[in-house]
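First up is the structure itself, then whatever we jot down about it.
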Protein chains: 2
Amino acid sequence: MTDNRLDTKNKILAIAEGLFADLGFDATSTRLIAKEAGVNIAMLHYYFGGKEGLYVAILEKHFTENRLRLQNINNDNISSFEKLEVFIDSYVDNMKRTRSIQRLMYIEMSLSLRSKLNDHIIELLSKNLQQIKKIIEDGVANGTFNKVDSDMLIASMFGTKIYLINASPVASLLFNGHANNEELLTDELLVRLKAHLKKMFKLYLTKS
Amino acid sequence: MTDNRLDTKNKILAIAEGLFADLGFDATSTRLIAKEAGVNIAMLHYYFGGKEGLYVAILEKHFTENRLRLQNINNDNISSFEKLEVFIDSYVDNMKRTRSIQRLMYIEMSLSLRSKLNDHIIELLSKNLQQIKKIIEDGVANGTFNKVDSDMLIASMFGTKIYLINASPVASLLFNGHANNEELLTDELLVRLKAHLKKMFKLYLTKS
DNA sequence: AAAAATTAATCAATCGATTAATTAAATTTG
DNA sequence: CAAATTTAATTAATCGATTGATTAATTTTT
């Protein structure tokens, strides 16, 4: 592909991702995407087959990116506690960068209108799920962790993230005292989030 | 109002709430609402002024219902621990009944496209927020609870609920091993959720 | 008879998508 | 290398369908 072709494709992908995340799938018109990206509407269908094809392409882009990232974590020869902390750190560190696409995915999954997209999203999210599950199960097997309702614990971890990302207005009310739209995910809050999740897991998996 | 008028209004409200929760605001057409409710499209504008007015009416209905429910909890002369458990029990017990409207609210808040609706939602959700905050702060003040990052703890509680309601496909994967659309919020799961939240709060607020 | 409720028909606007025509780039050929 | 040809990329215009909303006429209730 030439540089121009890549430019056009990537510009559409980048603009569309932001608009989809801000407005949702239905409220984002192909005309708006084309206008903001500075390209003709037909290019959107030319490259991606249509609005839904573009949506899938955005998810698949992050899907492959995320797959590469996930591979080299669980191979290390460290304790279950350290694995847990590494996972939480990397999980929280990724939040700022992947905020748009995550908001997008959870909205889409919540509605479950487009089954093809839904399958993609579930496949992507289940990767994280399996990874943390394995860390905990291994820890239980080697006696580091107690046998507890780890699924609920995992639900609380992912849920806390969703609350900060997808319910940011009311989360701002909780953390800042007002529900405006200033940036909630400050570095300070992410540090607090890491400490909180580590503490929660540690207490739950050992002191119970 | 006559019985017929009430029937028509309430039928529209009930049908629209389900459709909005299932499809989202944009994907739910006024024609579909009218068809499912068995009324003329014009009735929707006649009673509610339009699609968005209907949306607001649905929220306000739950808004007032919820306000009545919230009043008589915090007056009891019980310990902070018991208040916490009462709150969690009532919070979880309300999940099944309010699942549709809660899914709807969090989707709407996540997109934040309609500021009038957003204000309503934030006002409604902040009631729960203030209530649990007061319980914890009182507990800290009277020495029952440790001084901890209670805001993060609250975020985890609300987040866990959102995860079960709005991310139900991947939550089903976590709890049932498959991501189908069978009912996730079984009585058994709600019991587990209660136990988990109580344990999480107790550990966090005392053993840290 | 007056008011309220309901209906059918239609409005302009916007949607995603597609077409045919045009320009730019790449490839082949002499 | 350069002209000719083919392919790729882009544009403007338009398609039918659907959207939320409204109107005027009709039926029902008071």
Side-chain angles (χ1 to χ4, degrees), chain A residues 1-60 104 107-108 111 113-118, chain B residues 1-60 104 107-108 111 113-118:
Chain A
M1 280 191 286
T2 69
D3 286 353
N4 276 345
R5 182 184 166 95
L6 271 176
D7 280 357
T8 303
K9 279 194 75 170
N10 289 333
K11 196 176 286 182
I12 294 175
L13 281 170
I15 293 290
E17 179 180 323
L19 288 175
F20 279 140
D22 287 342
L23 307 174
F25 182 81
D26 291 306
T28 303
S29 68
T30 54
R31 282 171 175 79
L32 180 61
I33 296 172
K35 187 183 169 190
E36 297 278 312
V39 302
N40 192 282
I41 318 175
M43 301 311 294
L44 199 148
H45 297 83
Y46 181 72
Y47 283 118
F48 303 101
K51 188 182 182 182
E52 192 163 324
L54 171 58
Y55 205 98
V56 173
I58 292 171
L59 289 179
E60 281 180 344
L104 197 140
I107 291 174
E108 183 64 35
L111 295 175
L113 296 179
R114 292 158 279 272
S115 63
K116 199 194 299 180
L117 299 182
N118 236 39
Chain B
M1 283 193 286
T2 69
D3 286 352
N4 277 345
R5 180 182 168 95
L6 270 176
D7 281 355
T8 303
K9 279 194 75 170
N10 289 334
K11 196 176 287 183
I12 293 175
L13 281 171
I15 293 291
E17 179 180 322
L19 288 175
F20 280 140
D22 287 341
L23 306 175
F25 182 82
D26 291 305
T28 304
S29 69
T30 53
R31 282 171 174 79
L32 180 62
I33 296 172
K35 186 184 171 191
E36 297 278 311
V39 302
N40 192 283
I41 318 176
M43 301 311 294
L44 197 150
H45 297 83
Y46 181 73
Y47 283 118
F48 303 101
K51 188 181 180 182
E52 192 163 324
L54 171 57
Y55 204 97
V56 173
I58 292 171
L59 288 180
E60 281 179 343
L104 197 140
I107 291 174
E108 184 64 34
L111 295 176
L113 297 178
R114 291 159 279 273
S115 63
K116 198 194 299 177
L117 298 183
N118 237 37

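Reminder, nothing fancy here: chain letters follow the sequence lines and each chain counts from 1.
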- [ ] Return no unless some side-chain N or O of Tyr47(A) is found under 4.0 Å from OP1 or OP2 of dT10(D).
- [x] yes

TODO: Drop me the distance from Met43(A)'s CE to Thr30(A)'s OG1, to the nearest 0.5 angstrom.
DONE: 14.0 Å

Open item on the list: On a heavy-atom basis, which atom in Leu111(A) and which in Ala21(B) lie closest, and how many Å separate them?
Closed with: CD2-O, 4.2 Å

Open item on the list: Listing request: all side-chain hydrogen bond (donor to acceptor under 3.5 Å, both in side chains) pairs with a residue in residues 15-27 of chain B, at least two apart in sequence or in separate chains.
Closed with: Glu17(B)-His62(B)

Donor-acceptor contacts, no H, no angles, side chain residues 48-60 of chain B, under 3.5 Å, sequence neighbours left out:
from     : atom 1 : to        : atom 2 : distance (Å)
Lys51(B) : NZ     : Phe25(B)  : O      : 2.9
Lys51(B) : NZ     : Thr28(B)  : O      : 2.8
Tyr55(B) : OH     : Glu108(B) : OE1    : 3.0
Glu60(B) : OE2    : His120(B) : NE2    : 3.0

- [ ] Give the angle between the helix axes at the two ends of the helix from dA1(C)-dT30(D) to dG30(C)-dC1(D), taking five base pairs at each end and rounding to 10°.
- [x] 10°

Open item on the list: What residues from residues 33-42 of chain B pass a heavy-atom cutoff of under 4.0 Å to DNA chain C?
Closed with: Asn40(B), Ala42(B)

Open item on the list: Nearest whole Å is fine: how far is dT23(D) P from Met43(B) CE?
Closed with: 16 Å

Open item on the list: Quick check on contacts: within residues 49-57 of chain A, what sits under 4.0 Å from DNA chain C by heavy-atom distance?
Closed with: Gly50(A), Lys51(A)

Task: Nucleotide dA5(C), atom P - distance to NZ of Lys11(B) in whole Å - done: 16 Å

Open item on the list: From CD1 of Ile12(B) over to P of dT7(C), roughly how many Å is that when rounded to an integer?
Closed with: 10 Å

Task: Within residues 16-28 of chain A, residues whose heavy atoms come under 4.0 Å of DNA chain C - done: Thr28(A)

TODO: Mind calculating the distance between CZ (Arg31(A)) and C1' (dA17(C)) to the nearest angstrom?
DONE: 9 Å

Task: Length of the CG-P vector between Leu44(A) and dT18(C), whole Å - done: 12 Å

Open item on the list: Measuring to OP1 and OP2 of dC15(C), would you say a side-chain N or O of Thr30(A) lies under 4.0 angstrom away?
Closed with: no

Open item on the list: How many whole angstroms separate atom OH of Tyr46(A) from atom C1' of dA21(C)?
Closed with: 15 Å

Open item on the list: Can you give me the closest heavy-atom contact between Arg31(A) and Ile41(A), atom names plus distance?
Closed with: CG-CD1, 3.5 Å

- [ ] Calculate, to the nearest 0.5 Å, the distance between atoms CG and OG1 belonging to Asn40(B) and Thr8(B) respectively.
- [x] 11.0 Å

- [ ] For the side chain of His45(A), starting at C-beta, report the closest nucleotide among dG20(D), dA5(C), dG16(C).
- [x] dG16(C)

Task: Separation between CD1 of Ile12(B) and CD1 of Ile33(B), rounded to the nearest 0.5 Å - done: 8.5 Å

Open item on the list: Working to the nearest 0.5 angstrom, can you tell me the gap between Ile15(A) CD1 and Leu44(A) CG?
Closed with: 12.0 Å

Open item on the list: Can you measure Asp7(A) atom CG to dA24(C) atom P for me and round it to whole angstrom units?
Closed with: 17 Å

